[in-house]
Each structure stands twice: as C-alpha cells, then as structure tokens.
Amino acid sequence: MTCCYDRRDLGLLLLRLGTGGVLAAHGAQKLFGWFGGHGLEGTGHYMESVGFAPGRTSALACGLAETGGGTMLALGLATPAAGAAAAGAMAGASAVHAPNGFFAQEGGYEYAASLGLAATGLAIAGPGRLSLDHALGHVFDRNWMVPLALGATAAMTALVVGARNARVRRRVEGEQQALFEE
C-alpha cells in the first residue's frame, strides 16, 4: 500500500490547525471568557461601544462564527462554510480596526485580515486528504458550496458592517460642534 498523503495535504493540515486553532481560541474568549477574554457580557459591551448592536447578540454571533468556524476548519469539516463564517467575522473585525491603519502594532486590521484571508483560502482550496471532509466523502465540501458559502457570508457581512458603519457615522455626527455660534 502506498502513502496517499503529499506535501499539499500536510501543508493544508498545518494551515487548518493553526488558523482554526487561533480562531477557535479567539472566539472562546468572547463566548466563555476563556484565555483572558471577557465572555458574552463584556464582549457585548465592547461590541456595542464600537457600533455593533445589539452588543450581546453581536458578541454571540461573532463568537460562534470564530469558535465554530475555527473548530470546523481545524477538523476539516464543512470547510467552505467554516472558512466563510470565520472570514465574515474577521471582515467585521477589520472594519473596526481599519481607522487605525494596517499594522496591528498601531491597532490596525492586519491580524484580522490575515486570519480572514487564510480562512477564505482554506474555504476555496479545500481541506486536503487529512480531514473529516475527506473521511466523510466530501458530503459537506462540494464545489458548489464554496461560492454559495462565500457569497452568502459576504452579503450578510456587508449588511452587518454597513449598519455598524452607519451607527458609528451617526454617533460621530451627533458629537460634532457647530462651526459658528448663532
């Protein structure tokens, strides 16, 4: 019997484990307060402060996308949906950090964008043969699922981030002082 795994399979496994593990841990901070996180209550207050409303619901959705998407990516299970969910959460995080520029050192979106791009790349490339998707005959990893998952996530993310940006814009406009006194 010959080995059925190659460099690509090992590379995808490492990328899935690393990206998925980071995303799952990041989401567990939001959902459970693990790893120094603030749990749903604290994360909900933060989400509200940066324009996502309602805050607790936003924290739950983001935490589930990160924890669930990350865990499923690491396992190589339903890879198109898992990658899309994680990418959507990271697009929302990127929107929050975008005003600070690119680099994470300055509070920018570098980290979130990197995780989102890795998750998207995995959704497109597939999990490789060292995955649950492969073991299950790719029933949750069909070619048609990739554009469907990414398209649906992009549409939902655009709506959520657009509503968030509108709330932030209204808040900033409400804080502006009049240019001239009457």
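Heavy-atom basis, side chains included; hydrogens, waters and symmetry copies ignored. Along the sequence shown, the residues carry numbers beginning at 1.
Note that CG of Asp133 and CZ of Arg142 are 10.0 Å apart. Values are rounded to the nearest 0.5 Å. Of the inter-residue distances, the one linking Met90 atom CE with Ser114 atom OG reads 11.0 Å to the nearest 0.5 angstrom. Separating the CD1 atom in Ile124 from the OG1 atom in Thr79 is a distance of 12.5 Å, to the nearest 0.5 Å. Taken from CG in Asn100 to CD in Glu106, the straight-line distance is 8.5 Å, to the nearest 0.5 Å. Expressed to the nearest 0.5 Å, how far OG1 of Thr67 lies from CZ of Phe32 amounts to 6.0 Å. Separating the CG atom in Leu10 from the CG atom in Leu15 is a distance of 12.5 Å, to the nearest 0.5 Å.
At a threshold of 4.5 Å between side-chain heavy atoms, the hydrophobic network of Ile, Leu, Val, Met, Phe, Trp and Tyr places Leu122 and Val22 in one connected group.
When all heavy atoms are compared, the tightest approach of Pro147 to Asn143 is CD-O, 3.2 Å. Across every non-hydrogen atom of Gly88 and Thr153, the tightest pair is CA-CG2, 3.7 Å. Closest heavy-atom contact between Met47 and Gly55: CB-O, 3.8 Å.
The side-chain heavy atoms of Asp141 and Pro80, taken from C-beta on, include a pair separated by under 4.5 Å. The closest side-chain heavy-atom distance from Arg16 to Pro127 is below 4.5 Å. By the 4.5 Å heavy-atom criterion applied to side chains, Arg129 and Asp6 are counted as neighbours.
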